[in-house]
**Q** 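The structure under discussion is supplied below as structure tokens; questions concerning it will follow.
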Amino acid sequence: MDRKQILRTREVDLSVSNYGMTCQQHYDLALLPWGATEPHNYHLPYLTDCILSHDIAVDAALKASDEYGVRAMVMPPVTLGAQNPGQRELAFCVHARYETQRAILADIVASLHHQGLRKLLIVNGHGGNSFKNMIRDLTIEFSDFTIATSEWFKMVPAHDFFENPGDHADELETSVMMHYHPELVDIAEAGEGKAGGFAVKALKSGSVWIPRDWGKVSADTGIGDPRTATTEKGQKFAAAVVGKYAEFLRDFLQENLYE
């Protein structure tokens, strides 16, 4: 990355920025990547959800700036995710309670609101996280602050890009990690990601929900075979996701979000 690219990234990525940069800029909104600290099969980092949500958010902020003039700052990723039974028993997997996550989000919102920002987009990378009730609560407390939430891996249909996408350390996550950080992926170490499911019909269909016990559905912690992942698939999927996010950031800045 040359000097010009470094300075450009500093304009949108608080993880590498400094006050000398930010004090000279006006920002329309903030993006908050949120992940988890948990095993991702045998071949991906514990912080996969944080890394990918952050990198997608940075690329989206850059694209939104270049194409639509949107000024967005990407906050450092939150590493504390909610875990299922069977995951907390795994080495160094960290479970964050609802109250913990809500307190973190509330403090971030309060800080940004105090500084004059009025819009925030959560870029979630961990399927176990759920922010809707927190956002409802915070909207009561900060009535002039709009918080949106999203899951980056659902911004475009996975089946348009991957043969057999799963939902954890699978072909999708592995491909996108290979695109952004090939040095962090050794596909030769990957388990097959074979996963079981519920025996009860209503649980299997999703009409009734309980959290999956990870220890009973996956031996290597993966859900979905990652071994068909490629850098090319990851690049194409990431580009499509980033494009959708950039369009949303443009539209999110509209004064009236309703018809």
Side-chain angles (χ1 to χ4, degrees), residues 33-56 77-98 100-101 124-130 151-154 157-234 237-238 241:
W34 204 307
T37 303
E38 62 176 5
H40 274 73
N41 201 317
Y42 302 136
H43 66 293
L44 293 180
Y46 271 72
L47 293 184
T48 289
D49 295 341
C50 304
I51 294 168
L52 295 183
S53 57
H54 169 267
D55 290 358
I56 288 285
V78 180
T79 63
L80 296 176
Q83 303 296 340
N84 283 25
Q87 288 177 297
R88 289 183 64 213
E89 289 75 13
L90 304 175
F92 302 109
C93 183
V94 177
H95 170 62
R97 295 172 297 165
Y98 173 89
T100 302
Q101 291 186 314
N124 182 31
H126 176 59
N129 292 335
S130 180
E151 293 178 312
W152 71 264
F153 45 87
K154 292 183 179 179
H159 283 282
D160 290 351
F161 297 84
F162 303 102
E163 299 169 32
N164 294 296
D167 64 18
H168 185 72
D170 61 335
E171 181 187 13
L172 187 160
E173 279 193 310
T174 301
S175 293
V176 180
M177 185 64 81
M178 290 169 74
H179 162 57
Y180 281 117
H181 296 284
E183 75 281 3
L184 298 180
V185 184
D186 186 348
I187 200 67
E189 296 179 346
E192 62 181 322
K194 184 177 180 181
F198 292 110
V200 177
K201 183 178 180 180
L203 295 174
K204 187 186 291 288
S205 70
S207 58
V208 179
W209 180 88
I210 63 172
R212 286 178 293 187
D213 187 324
W214 226 252
K216 295 178 180 178
V217 299
S218 176
D220 54 28
T221 79
I223 296 181
D225 194 338
R227 294 173 295 180
T228 54
T230 68
T231 302
E232 182 182 18
K233 291 177 185 176
F237 186 71
V241 169

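Residues: numbered from 1 along the sequence shown. Computed from a prediction, not measured in an experiment: that's the story for all the values here. Any value given below was found using the heavy atoms of this structure, including those in side chains, with hydrogens, waters and symmetry copies removed.
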**Q** For the side chain of Ser175 and the backbone of Thr230, is there at least one donor-acceptor N/O pair under 3.5 Å apart?
**A**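 Yes; judged by distance alone, with no hydrogens or angles, the pair exists.
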**Q** Indicate yes or no: at least one non-hydrogen side-chain atom of Asp49 is less than 4.5 angstrom from one of Glu173.
**A**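 Yes - at least one pair of side-chain heavy atoms lies under 4.5 Å apart.
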**Q** Does the Ser207 side chain pair with the main chain of Ala202, one donor and one acceptor, at a distance under 3.5 Å?
**A**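 Yes, the answer is positive, given that a donor and an acceptor are paired below the 3.5 Å cut-off.
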**Q** If every non-hydrogen atom of Ala158 is compared with every non-hydrogen atom of Leu172, which pair is closest and at what distance?
**A**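 Scanning both residues completely, I find the closest heavy atoms to be CB-CD1, 3.7 Å.
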**Q** Can you pull the ring pair (Phe, Tyr, Trp, His ring centres under 6.0 Å) pairs that have at least one residue in residues 161-206, sequence neighbours excluded?
**A**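 Matches after skipping sequence neighbours: His40-His168, Phe161-Phe237, Phe162-Phe237, His168-Trp214.
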**Q** With a cut-off of 3.5 Å and sequence neighbours excluded, list every side-chain donor-acceptor pair involving residues 185-194.
**A**
{"unit_1": "Asp186", "atom_1": "OD1", "unit_2": "Ala188", "atom_2": "N", "d": "3.1"}

**Q** Who pairs with Glu171 by salt bridge (Lys or Arg N to Asp or Glu O under 4.0 Å), at least two apart in sequence or on another chain?
**A**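 If we apply the salt bridge (Lys or Arg N to Asp or Glu O under 4.0 Å) test to Glu171, skipping adjacent residues, the hits are Lys233.
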**Q** Which heavy atom of Trp152 sits nearest a heavy atom of Val241, and at what distance?
**A**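 Heavy atoms only, the tightest pair is O-CG1, 3.5 Å.
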**Q** Ignoring hydrogens and geometry, is there a side-chain-to-backbone donor-acceptor pair from Thr37 to Cys93 under 3.5 Å?
**A**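 No: the side chain of Thr37 does not pair with the backbone of Cys93.
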**Q** Under the side-chain contact (heavy atoms from CB on, under 4.5 Å) criterion, do Asn164 and Thr228 qualify, and how do the steps go?
**A** CA-CA 8 Å; Asn164 294 296; Thr228 54; 5.8 Å; no
**Q** If you measure only the distance, is there a donor-acceptor pair under 3.5 Å linking the side chains of His126 and Glu38?
**A**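 Distance-only check passes for His126 and Glu38.
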**Q** If you compare all heavy atoms of Asn41 against all heavy atoms of Pro226, which two are closest, and at what distance to 0.1 Å?
**A**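 Looking at all heavy atoms of both residues, the closest pair is ND2-CG, 4.1 Å.
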**Q** Compare every heavy atom of Val78 with every heavy atom of Cys50, then report the nearest pair and how far apart it is.
**A**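 The answer is SG-O, 3.6 Å.
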**Q** Give a yes or no answer on whether the side chain of Gln101 reaches the backbone of Tyr98 with a donor-acceptor pair at less than 3.5 Å.
**A**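 The answer is no, because no donor-acceptor pair under 3.5 Å joins these two groups.
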**Q** Can you measure from CE (Met178) to CD (Glu183) and round to the nearest 0.5 angstrom?
**A**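 The distance works out to 12.0 Å.
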**Q** Would you say the side chain of Asp160 lies within less than 4.5 Å of the side chain of Pro157, judging by non-hydrogen atoms?
**A**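 Pro157 vs Asp160: side chains touch.
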**Q** Which heavy atom of Leu44 sits nearest a heavy atom of Ala169, and at what distance?
**A**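 Where Leu44 meets Ala169 most closely, the heavy atoms are CD1-CA, 3.9 Å.
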**Q** Can you tell if the side chain of Pro165 reaches within under 4.5 Å of the side chain of His159, non-hydrogen atoms only?
**A**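 Yes; the side chains approach each other to less than 4.5 Å.
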**Q** How far apart are the closest heavy atoms of Asn124 and Asn129, and which atoms are they?
**A**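 For Asn124 and Asn129, the tightest heavy-atom pair comes out as OD1-ND2, 3.1 Å.
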**Q** side-chain contact (heavy atoms from CB on, under 4.5 Å), that's the test. Do Ile51 and Leu184 meet it? Break it down for me.
**A** CA-CA 11 Å; Ile51 294 168; Leu184 298 180; 4.1 Å; yes
**Q** Give a yes or no answer on whether the side chain of Asp167 reaches the backbone of Gly127 with a donor-acceptor pair at less than 3.5 Å.
**A**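 Side chain of Asp167 to backbone of Gly127: no pair is present.
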**Q** Tell me, with the steps shown, if Thr48 and Met177 meet side-chain contact (heavy atoms from CB on, under 4.5 Å).
**A** CA-CA 8 Å; Thr48 289; Met177 185 64 81; 3.6 Å; yes
**Q** Can you find a pair of side-chain heavy atoms, one from Leu47 and one from Thr79, that are under 4.5 Å apart?
**A**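 The answer is yes, as the side chains (C-beta and beyond) meet within the 4.5 Å cut-off.
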**Q** State whether Asp170 and Arg227 are salt-bridged, where the test is any N-O pair (Lys NZ or Arg NE/NH1/NH2 against Asp/Glu carboxylate O) under 4.0 Å.
**A**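 Looking at Asp170 and Arg227, the cut-off is not met.
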